[in-house]
**Q** 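I have a structure here, written as structure tokens, and I will follow up with some questions on it.
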Amino acid sequence: MALHRLTSVTIGVPDVGATAAYYEEFGLTPTGAGRFATVDGGEQLALVPSPRRRLLELGVGADDADDLGRIAAQLAKLEIAVERGDGFIAAVDPGTQARVAVRIAPRIQQAETRSAPCNTPGCIERINSRADAVTRAAAVRPRKLGHVVLGSTDTEASERFFIEGIGFKVSDTVAGLAAFLRCSTDHHNLLVQRAPIDFLHHTSWQLDDVDEVGRAATAMLANDPSRHVWGLGRHHIGSNFFWYLKDPAGNFTEYYADLDCIVEDQLWQPGVWEGPNSLYSWGPPPPMSFLAPDDLGALMAAAHQPR
Ligand SMILES: [Fe+2]
């Protein structure tokens with residue numbers, strides 16, 4: 001039938017112990033051996049040792065064996081080698097060097113989160129009571145892995161691989177720089193952007209609402225303010241609220257809420273964006289280190305070492 005979600009990311013990091021502690025504090029549930037689960041998505045993160053930080057595998061969920069056969073044929077047309085296994089196929093994108101494994105997987109089921117009642121001019125929904133957001137006390141737990149952003153040394157090859165090969169759809173593009181791609185009804189599950197080296201820019205994790213984004217990031221920063229990267233703000237492309245933090249290996253991690261959803265492809269008009277709106281609608285200005293992470297030079301040097 002179709003691709004329907006991101007299933008998982010496998011990230012290589014130099015210090016698995018310190019990085020694992022970060023993701024547990026981030027709200028993911030450890031399931032053993034460097035693996036972590038979200039509330040709705042099951043095991044979605046695996047950390048493994050690697051000399052330099054990098055995305056080792058991106059997992060994509062498909063419905064059935066027909067999907068795997070179709071994707072294998074599409075990749076073969078692009079002359080890309082395909083590994084076939086029991087219930088999966090895998091191939092490497094030449095631009096990001098990411099191994100993409102498409103697996104037959106169940107569709108994600110999410111219990112409904114209703115918007116909290118809200119008081120606005122002329123419309124009082126929350127009568128004689130405090131906002132639920134100020135009385136929430138439970139630790140924030142990400143609902144699912146939402147998207148991944150990768151630097152690519154050859155965006156044309158990466159876009160061919162992901163769009164014509166794997167079957168992602170284009171939601172929006174930033175002229176000459178990046179493509180927002182989806183394999184589900186989320187506005188984007190993958191962003192491939194031009195970079196001097198293949199690297200993992202960030203992973204993004206879904207929360208219930210903007211208050212959970214604020215609560216989760218505030219808790220992370222109370223323990224270590226140096227984790228802050230950029231937020232709170234609202235993206236223009238995809239519309240989501242965001243707050244970016246940094247793990248001990250240097251990977252950015254985003255809490256997000258209220259992303260655009262594209263349920264009927266024919267009713268969405270992909271846009272081509274340029275200038276400031278391509279990054280955000282409101283919020284503090286992005287730091288230089290968000291656009292070009294501080295360790296890019298070190299990653300480029302390490303890339304010449306054996307992996
Ligand atoms: Fe993001």
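Worth saying up front: this structure is predicted, and the values here are computed from it rather than measured. Counting starts at 1 for both ligands and their atoms, in listed order.
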**Q** Less than 4.5 Å apart, any side-chain heavy atom of V92 and any of F161?
**A** no

**Q** Could you go step by step and tell me if S158 and D93 meet the side-chain hydrogen bond (donor to acceptor under 3.5 Å, both in side chains) rule?
**A** CA-CA 6 Å; S158 290; D93 164 37; 2.8 Å; yes

**Q** Which atom, among the N/O/S set of E254, is closest to the Fe ion (ligand 1)?
**A** OE1

**Q** Using 30° and 60° as the class limits, which term best fits the ring planes of Y22 and F26: parallel, tilted or perpendicular?
**A** parallel

**Q** So, the side chain of Q97 versus the backbone of P94: is there a donor-acceptor pair under 3.5 Å, distance only?
**A** yes

**Q** So, H147 and the Fe ion (ligand 1): N/O/S under 2.8 Å, yes or no?
**A** yes

**Q** Hey, is there an N, O or S on H235 sitting under 2.8 Å from the Fe ion (ligand 1)?
**A** no

